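Worksheet: the structure to be examined is printed underneath.
Counting convention: from 1, in listed order, for ligands and their atoms alike. The shown structure was predicted, so the numbers you read here are calculated from the model rather than taken from an experiment.
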Amino acid sequence: MSQPAPVDPTATSAWTRLTELAGDWKPDLRAWFAAEPDRVERFTYTAGDLLVDLSKGLVTDDVLAALVGLAEEAGLAARRDAMFAGEHINVSEDRAVLHTALRLPRDASLVVDGQDVVKQVHEVLERVYDFAQKVRSGTWTGVTGRRITTVINIGIGGSDLGPVMAYEALAPYHQDGLECRFISNIDPTDAATTLAGLDPASTLFIVSSKTFGTLETLTNARVCRAWLLDGLRSVGAIGADDTAAAEAVEKHFVAVSTALDKVKAFGIDPDNAFGFWDWVGGRYSVDSAIGTSLVVAIGPERFAEFLAGFHTIDEHFRTTDVAHNVPVLMGLLNIWYTNFLGAGSHVVLPYSQLLHRFPAYLQQLTMESNGKGVRWDGSPVTTDTGEVFWGEPGTNGQHAFYQLIHQGTRLIPADFIGFANPAYPTEDGDTDVHELLLANFLAQTRALAFGKTADEVRAEGTPEQVVPARVFTGNRPTTSIFASELTPAVLGQLVALYEHITFTEGAVWGIDSFDQWGVELGKQLAQQVGPALAGDEDALADQDASTRAMIGHYRELRRR
Ligand code: F6P
């Protein structure tokens, strides 16, 4: 079914209303909190196990009502329903967008393009679970009969960021004696440092690539295959012949891809390949077989809980009215900040070291999805899209870039994420160290919201000439996301929350959040620059003057 033309959000009456509200905008969180005793209650929501407090955001009832109106006028609910139904809402690639089907329970059914996708999903999951159990139990051994102790995921973008982020986040759930590592970058340093110190006999590689055509991943897979075979041969563990190599690859390489023919051509046994489907975008694929390394690390039961967490938020997003729908409200608030209050970026600050790769993961999810300048019908967008997402775990960020968030000239909405229960409870004397972390979370959101006036600074005895430098304006918006602890289910909920925030923003802007054509030109040009670097004079002549000059410097400096 072809998709209806996008609504121009700027032509809606809600946009006009929001423009009016932004025109006289004088945020005053101190006054709002004083005047509205129920503000926290009114602006606090729950979705699954997540408590989400928007009260320290730059939001009033009028703004919220207008944003809800915008969602309605922009046709958000219809687009959401089209996604869940498997319509081809990824127009430029003519594909359904069904990552939500990856987490449907086994007894659900969803027929898309004539196929029951839930059945397919659970068939693959069973195979992944079976494989992971064999590795975890030691039944799966390397070619010499040694137990596998290190699993290396080779992949990039969505075939890396999700697995590594979730692996790190769920460290307390890892099986002892079984480590996962990740190789993504084409920089040979990545493979070299990741492989350092490992024994090929106990190392297993998972080559993860949706297309199985990505330069970085295939190059790294070949480098790792050579490392494996050289290592095994150097100690006489396998012979020098092709049959011995093929047997070793069979025991030490598995693959995850939608292109199973290419997996076979690489030399990986199709029995050791786990498929997924073109309706799963790379950045939405951690909950598909792309998560195989995670299943090995945490086990099938925990992975099933992870999927159930996603599903909880999917159901919340699918069924909750706009005014209480957390991902919708957070997405709409981002539109308010971006399109009406001039924010250009959005910082995500997990007060959990376990989530240290979460901002990097979100960068692909949000920016590859919504960094678009045309709408899904090919017409130009009518307003700014795609904020820059960034972040670091607190409190590291506090000692690095928070200065700019507190006192800089730019508006930077911030999401704070924290948990009541630490993964590693620790006392420092009588002090619960986790409470020091949470005290910082709460103090930062207070400081950003309420600031410090010149009079308050003076009252501390500050010399007059330093007073301006020590004033905090406040009215810097934060959203606090809080849960009991970072379980697999809660992690799934967090990821799904941001997936649907991203969806909401893209739907209002009228863009296809599921293609990524913007990454293609650089890939194409790299194919042309490569020969020029390697010495092809014709290829060098085809480059622009700056690129030619850089290649000249490179040739002078490169030692072989
Ligand atoms: O180049 C961008 C991209 O296509 C991402 O969207 C994707 O996650 C990544 O490359 C890796 O692609 P693949 O899984 O096909 O190797």
Polar proximity ligand 1 side, K210 side, N/O cut 3.5 Å exclusive: yes
Shortest protein contact, atom 9 (C) of ligand 1 (heavy atom only): I156 O, 3.6 Å
Close-contact set for ligand 1 against G157 heavy atoms, below 4.0 Å: 8 (O)
Protein heavy-atom partner closest to atom 4 (O) of ligand 1 - residue, atom, separation in Å: K523 NZ, 4.0 Å
Part of T211 with heavy atoms under 4.0 Å of ligand 1, whether side chain, backbone, both or neither: both
Subset of ligand 1 atoms that lie under 4.0 Å from at least one heavy atom of Q364: 5 (C), 6 (O), 7 (C), 8 (O)
Whether F389 and H346 hold their rings parallel, tilted or perpendicular, with breakpoints at 30° and 60°: parallel
Closest protein heavy atom to atom 12 (O) of ligand 1, given as residue, atom name and distance to 0.1 Å: T214 OG1, 3.5 Å
Element-labelled atoms of ligand 1 that are located less than 4.0 Å from some non-hydrogen atom of Q516: 6 (O)
Shortest protein contact, atom 3 (C) of ligand 1 (heavy atom only): E368 OE2, 4.2 Å
I206, I148, V295 screened by side chain to side chain contact (heavy atoms under 4.5 Å, CB included) with V135, the one that passes: I148
Aromatic W140 / basic K251 pairing, under 6.0 angstrom, 45° off normal: yes
Stacked cation flag R222 on W227, 6.0 angstrom / 45 deg: no
R410 atom CZ, over 12 foreign heavy atoms within 6.0 Å: no
Atom 8 (O) of ligand 1: nearest protein contact (heavy atom, Å): G158 N, 2.8 Å
Salt-bridge present (D515, K372; N to O < 4.0 Å): yes
Enumerated ligand 1 atoms positioned under 4.0 Å from heavy atoms of V519: 1 (O), 2 (C)
From L98, V117, V121, residue fulfilling side chain to side chain contact (heavy atoms under 4.5 Å, CB included) relative to W277: V121
Residue from F253, F266, F182 passing ring-ring contact (aromatic ring centres under 6.0 Å, His included) with F205: F253
